[in-house]
There are 4 protein chains.
Amino acid sequence: MIDSAWASFYNDNVMYLGEVMIIYSRENEISTDSQNKRQQILEAAYVVFSRKGFHRATVDEIIALADTGKGTVYNYFVNKEQLFYTLIKERSTPFEQILSEIAKTGLPPLDKIRAMVKVFLQFYSDNADLWRVLMHELRGLGSEGYSSFSEEQQEKYQQRFRDTIGLLQVVFQEGITQGVIRECDTNRVAYGLFSVIVMMVFQHLVGDDVEATANEITSVFFYGVGQ
Amino acid sequence: MIDSAWASFYNDNVMYLGEVMIIYSRENEISTDSQNKRQQILEAAYVVFSRKGFHRATVDEIIALADTGKGTVYNYFVNKEQLFYTLIKERSTPFEQILSEIAKTGLPPLDKIRAMVKVFLQFYSDNADLWRVLMHELRGLGSEGYSSFSEEQQEKYQQRFRDTIGLLQVVFQEGITQGVIRECDTNRVAYGLFSVIVMMVFQHLVGDDVEATANEITSVFFYGVGQ
Amino acid sequence: MIDSAWASFYNDNVMYLGEVMIIYSRENEISTDSQNKRQQILEAAYVVFSRKGFHRATVDEIIALADTGKGTVYNYFVNKEQLFYTLIKERSTPFEQILSEIAKTGLPPLDKIRAMVKVFLQFYSDNADLWRVLMHELRGLGSEGYSSFSEEQQEKYQQRFRDTIGLLQVVFQEGITQGVIRECDTNRVAYGLFSVIVMMVFQHLVGDDVEATANEITSVFFYGVGQ
Amino acid sequence: MIDSAWASFYNDNVMYLGEVMIIYSRENEISTDSQNKRQQILEAAYVVFSRKGFHRATVDEIIALADTGKGTVYNYFVNKEQLFYTLIKERSTPFEQILSEIAKTGLPPLDKIRAMVKVFLQFYSDNADLWRVLMHELRGLGSEGYSSFSEEQQEKYQQRFRDTIGLLQVVFQEGITQGVIRECDTNRVAYGLFSVIVMMVFQHLVGDDVEATANEITSVFFYGVGQ
DNA sequence: GATGAATGAGTATTCATTCAT
DNA sequence: TATGAATGAATACTCATTCAT
């Protein structure tokens, strides 16, 4: 069975797509001693932001957890906002890299989508709390702005999302070209698929078997729920 | 054509589903003189909350627009949070009523779903700004809480959403029973459909012809994008 | 003797120039009950600013002395800077009015200057502490700005000083026209006279007899220290 | 003409008063290699303090300009305050020496004053920015202290000013004794003259021809503006 | 019922100084 | 000597809510 053949494996640095091994590097992987405090702060920030959200997370709480002085935070990060952004960037970069790798393989479009959905589910499940916070802040898109983030920063995040969803869209287009997907508005479909993934994660509807959930989502998108 | 037969019409108080007219009442519809101030406040609050979000909307701005005193707000509403809730409740009640009415009709499940999707799209499009704000605040679900809302209040909102999505789920179940929809996790599917609707609205992917968009969404859900 | 004829009297509201009585009004003179807190804050601010300077004066200290809440300060004044400005404005307005009145009288230029110098000495002696603070902040004139004040606010203050010194200049010009003062750069002379007045006050070189000091300063300016 | 005979010349190390050449030494003039960093820091500090004032000048900015490490600053100077003081002291010492030399010459008092006024004007014009900053900080004299300087440090500066102005006072007294200046409060007159000099410099009222301005100031002080 | 003056809790950021290497 | 990572004290301002009139 093709489906079962996809015994892929995912961790922070390597991902197997069948026999194809995709390796990706992480920024700041090597923590020199001088980067010690920086890492402590990032880890503490991850915890506090995840728990409290951006606005209600206080720098005081972060430094208490990081066991560092307040000034140290500002030696490494220009402000609270950029500290949060660093957290997001460092985590999403390898994720975006994998998605991009998958999109570039020669796999059939349906298999690509299935693989990508799985990566999405896995990544958002792993980082649910922090991404929930991020999306919370990004809801202000287009409105006069009720986010805690600056306009420029928001735009950066939005662009990351657009790029990521764009990867899905390209594969859908590929499917149409190859005749395995019917003519449709690929932008809408990509956003639709993305929204379902996010909803499954945030509503805790992803089972322990991520692959099964990915297959189900993909299946509904391809074949519908109709009999 | 059955589809084209669905020339439904929607306004604040009446909705036509083909020939069936569904009438629903609104709370506080009759503004006695003494309810005058209350209405002015609600209307001003709608504008300010929609524009600024919950956190950044100030009571000062609301009373300036409502042309009333600050104390008056607290005569009618226990606090800013409950003022917001009242706004949501008054607007969603008729909407939920219509959905409920549709669910109760004897229409085939697929037609029900299609009609419901259309009502969803129409309602969220009409109230996009305020509901964006609401959903912004509800992202905190489950976490220690980074919402501006109290736990209790959040639960109330969540319950409304669950009930509404539950209506979709029931119809999916109906479809399975009637053999027009294949076996699936109706809860997941209902949430999936809901998430797509919301995403389309908030990403401005709903065209001028709401019915067409509703049909497209429904179509993908039933028949998939596969060839 | 003309000099001794100048038995002028100065208090907050009335000034006698020989037989001529000059009356001037003060803003906010009538403290209604509702202006009570405002006055308390202004009085406390006067004390704290005089004692600590602008930068080192804290709002906390002001409210402690005014026996009021922090928010109340911000109900009456947009910020600390504008609170300070209000203090200066309310005090300098009557002072500037008197100077202006003197400049408009038909007195001989030398007598005008003498009278004005006296008013200057009296006013700056009465308000030495606060004006020392003001001038402290204004020293940044022209430089990239090391004042605590905003550019706009600084310009307002500077303009007040320029206008005031301008009154002296006009009288000097008058004296030249009338042939009692020799041709000279009236701008420089006016600034020179002003600087001497300020220096006398801030170095505590003004004796108890303000009139005598005024006469001495005027005398040196008119006749020099030469034998 | 005696006046025109005073073709004095002023630079950092030598000053000519007519035929009399006054030479003065500078501290730390010889920069050994080990004094290299110290000089770099002083020069950078001069620039930054002049531009930003004492409070807004940061050690970070100074070390960036001096191309040195932060700790190095504290190897040579106990703190920011003493760094500033060193700057002032090194620059004012030769200036005070010249004034002192002039005061000691056998010139007539009026000529001495005229020469001293010129030196004052020249020196403060050359160092306007830094001295503006110094005087900015010294305004706190006598008050609880709103200066960035410590009480002790302020007293040191004040003493320098007092000593310098004292030189003027001595010459005035000399003039009185010699009968060329009328009886007057020499302390007040010296401070008055000093204040005029400073005001002229800071208000940019000193023309290109410093000597002419010096003559004009002296002239007004001796003969008055009266006709 | 309507009003609005009074209140105070809550928080990000800067920068001089230290001290281990 | 030279360095620079780590530190923490210090402070203005907003805005929902109350309550006396």
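The chains referred to below are lettered A, B, ... by the order of the sequence lines, with proteins before strands, and numbering in each begins at 1.
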Distance-only donor-acceptor test, Asn75(C) side-chain atoms vs dA5(E) base atoms, 3.5 Å = no
Test salt bridge (Lys or Arg N to Asp or Glu O under 4.0 Å) applied to Glu81(B) - qualifying residues, sequence neighbours left out | none
Lys70(A): what forms a salt bridge (Lys or Arg N to Asp or Glu O under 4.0 Å) with it, not counting sequence neighbours?
-> Asp60(A)
Between Ala57(C) and Val73(D), the residue closer to the 5' end of DNA chain F by nearest nucleotide is Val73(D)
side-chain contact (heavy atoms from CB on, under 4.5 Å) with [X]: which residues, sequence neighbours excluded?
X        : value
Gln82(B) : Phe77(B), Val78(B), Asn79(B), Thr86(B)
Ala66(B) : Gln40(B), Ile41(B), Ala44(B), Thr68(B)
Val47(D) : Arg51(D), Leu65(D)

Which residues within residues 77-84 of chain D lie with some heavy atom under 4.0 Å of an atom in DNA chain E?
-> Asn79(D), Lys80(D)
Can the positive tip of Lys156(B) be found less than 6.0 Å from the middle of the six-membered ring of Tyr85(B), inside 45° of the ring normal?
-> yes
Between [atom2] on [N] and [atom1] on [X], what's the gap in Å once rounded to a whole number?
X        : N       : atom1 : atom2 : value
Lys37(B) : dG1(E)  : NZ    : P     : 13 Å
Ile62(A) : dG8(F)  : CD1   : C1'   : 17 Å
Phe49(A) : dT11(E) : CZ    : P     : 13 Å
Arg56(B) : dC15(F) : CZ    : C1'   : 14 Å
Ile41(B) : dA16(F) : CD1   : P     : 14 Å
Ile63(B) : dC15(F) : CD1   : P     : 13 Å
Asp60(C) : dA12(F) : CG    : P     : 7 Å
Asn36(A) : dT7(F)  : CG    : C1'   : 16 Å

Below 4.0 angstrom from OP1 or OP2 of dT1(F), is there any side-chain N or O of Tyr76(D)?
-> no
Report yes if a side-chain nitrogen or oxygen of Tyr74(B) is closer than 4.0 Å to either non-bridging phosphate oxygen (OP1 or OP2) of dG4(E); otherwise report no.
-> no
With Tyr74(C) via side-chain hydrogen bond (donor to acceptor under 3.5 Å, both in side chains) - residues at least two apart = none
What residues 64-72 of chain B contributes to the DNA chain F interface at heavy-atom separation below 4.0 Å is Lys70(B)
Rounded to the nearest 0.5 Å, how far does CD of Gln159(D) lie from CD of Gln154(D)?
-> 13.5 Å
With Phe149(A), which residues qualify under ring-ring contact (aromatic ring centres under 6.0 Å, His included), at least two apart?
-> Phe54(A), Phe84(A), Tyr157(A)
dT21(E) - base-pair partner by Watson-Crick or wobble geometry, distances under 3.5 Å | dA2(F)
